[in-house]
Asker: 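Let me begin by handing over the structure; questions about it come next.
Count residues from 1 along the sequence. In each ligand, atom 1 is the first atom listed, and ligand 1 is the first ligand listed.
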Amino acid sequence: MRLSVPSREGRLSKWGQSRREIPMTLPLVDLSASANAGNAIDAGLSTYGFLQLANIGITSAELDEVFRASEAFFKGPAVIKQQCAYRSAAENFGYQGLLEENLDPGAPADLKETFTMRNIVANPPPRERWPSDAFREIMCRFYAHALACAHDVQRRMAVTLGLPEDHFTRLHSGQNVTLRLLHYPANAALESLVEPDPAQLGAGAHTDYGFMTLLFQHGVGGLQVLDRNNAWIDVPPRDDVVVVNSGDMLERWTNGKYKSTMHRVRAKTGDRDRLSIAIFIDPDTDALIEALPSCVSSEKPARFAPISAGAHLQARLEASHKGRFTQ
Ligand SMILES: O=C(O)CCC(=O)C(=O)O
Ligand SMILES: [Fe+2]
């Protein structure tokens with residue numbers, strides 16, 4: 001089954017109407033300090049679809065190790081990148097180079113390169129698809145820990161929504177949970193490789209596809225979130241927080257209560273490359289996403305038709321590939 005992807009204009013105007021103004025600083029929720037973190041997460045995702053979480057359980061040493069491996073890979077030889085090349089949306093694993101993805105399918109291709117890793121603990125691709133054994137071990141360890149931390153957040157969210165604690169975790173085994181390293185080269189590097197279109201972005205405007213995304217930035221900014229006045233608000237990098245945003249499926253699950261907010265990454269114009277790490281917490285393929293009874297009432301009838309998570313993810317990934325990967 002293929003799902004249609006709304007046009008860029010349609011999506012922009014839809015979010016333009018439903019979102020609140022985004023403050024200069026996103027809400028910050030400290031998981032270790034607040035017994036009511038679930039309520040604060042609920043407030044942030046209902047109001048903005050974005051927030052910052054502190055003390056999620058991942059240490060700066062762990063993050064540094066992943067960022068170091070990421071930097072070494074992206075700086076490394078093209079032959080290794082090609083050995084790990086991305087093959088298909090169905091597999092959702094491997095290296096994509098500059099201009100190989102359009103997160104906004106209606107805009108020029110993204111000025112970034114990525115290494116994507118779906119379901120790598122339960123079902124890792126063979127050894128020869130990885131840059132090295134050490135890289136694979138670092139990524140698998142980080143993936144497992146990040147998923148455990150995300151499950152902790154999901155348990156708090158379920159309780160706040162009046163659901164059994166495991167309501168979301170049991171549908172997020174890892175089958176579609178995806179770790180992604182992203183590299184946005186600075187201008188100098190870009191100019192030597194491609195001729196940038198002035199309208200071209202690091203990552204085109206988009207909403208995320210799944211339940212939620214955890215995003216670690218690393219000193220160099222560029223992430224922007226669209227507010228209801230159609231202004232792009234910078235999300236400055238902080239080493240001590242993870243940015244969390246709700247995706248399309250969580251918006252549907254909560255009947256629009258939690259927003260799947262449009263965001264993008266500016267093209268790098270400074271002299272420093274940007275690195276980020278995203279973990280897409282996406283539901284298992286057979287999960288049926290339909291509005292939670294507690295989010296539907298006579299005043300708020302169900303706004304979205306039920307969908308299968310797998311079909312939605314596949315359709316959005318394929319739209320961003322524009323026929324580049326056909327295997
Ligand atoms: O790299 C970033 O800061 C954001 C990337 C992003 O939004 C995505 O890959 O969905
Ligand atoms: Fe995103």
Asker: Is Asp208 reaching over with its side chain to a backbone N or O of Gly210, donor-acceptor style, under 3.5 angstrom?
Answerer: no
Asker: Could you tell me the residue and atom name of the protein heavy atom closest to atom 4 (C) of ligand 1, and the distance to it rounded to 0.1 Å?
Answerer: Val265 CG2, 3.6 Å
Asker: Is there a side chain to side chain donor-acceptor pair (under 3.5 Å) between Asp284 and Ser173? Walk through the geometry before answering.
Answerer: CA-CA 7 Å; Asp284 294 346; Ser173 66; 3.0 Å; yes
Asker: What I want to find out is whether Arg156 reaches Asp152 closely enough, with some N-O distance under 4.0 Å, to be called a salt bridge.
Answerer: yes
Asker: Suppose we measure from atom 9 (O) of ligand 1 to each protein heavy atom; which comes out shortest, and what is that distance?
Answerer: Phe280 CZ, 3.5 Å
Asker: Which residues satisfy the salt bridge (Lys or Arg N to Asp or Glu O under 4.0 Å) test with Arg141, sequence neighbours excluded?
Answerer: Glu65
Asker: Heavy-atom contact check, 4.0 Å cutoff: does Gln217 meet ligand 1?
Answerer: no
Asker: Compute the minimum heavy-atom distance from Arg264 to ligand 1 and say whether it is under 4.0 Å.
Answerer: no
Asker: In sequence, state the C-alpha distance, the side-chain angles, and the governing distance for Arg118 and Asp282, and then conclude on salt bridge (Lys or Arg N to Asp or Glu O under 4.0 Å).
Answerer: CA-CA 10 Å; Arg118 180 176 76 88; Asp282 293 353; over 6 Å; no
Asker: Going by chain and residue number, what protein N/O/S atoms come nearer than 2.8 Å to the Fe ion (ligand 2)?
Answerer: His206 NE2, Asp208 OD1, His263 NE2
Asker: Arg180 to ligand 1: N or O pair under 3.5 Å?
Answerer: no
Asker: Residues two or more places apart in sequence or in another chain: which of them pass side chain to side chain contact (heavy atoms under 4.5 Å, CB included) with Asp239?
Answerer: none
Asker: Tell me, which protein residue and heavy-atom name are nearest atom 8 (C) of ligand 1, and how many Å apart are they?
Answerer: His206 NE2, 3.6 Å
Asker: Can the ring centres of Phe73 and Trp130 be said to be less than 6.0 Å apart?
Answerer: no
Asker: Run the side-chain hydrogen bond (donor to acceptor under 3.5 Å, both in side chains) test against His183 and tell me which residues pass, sequence neighbours left out.
Answerer: Glu113, Asp273
Asker: Just how far is it from atom NZ of Lys81 to atom OH of Tyr95, taken to the nearest 0.5 Å?
Answerer: 4.0 Å
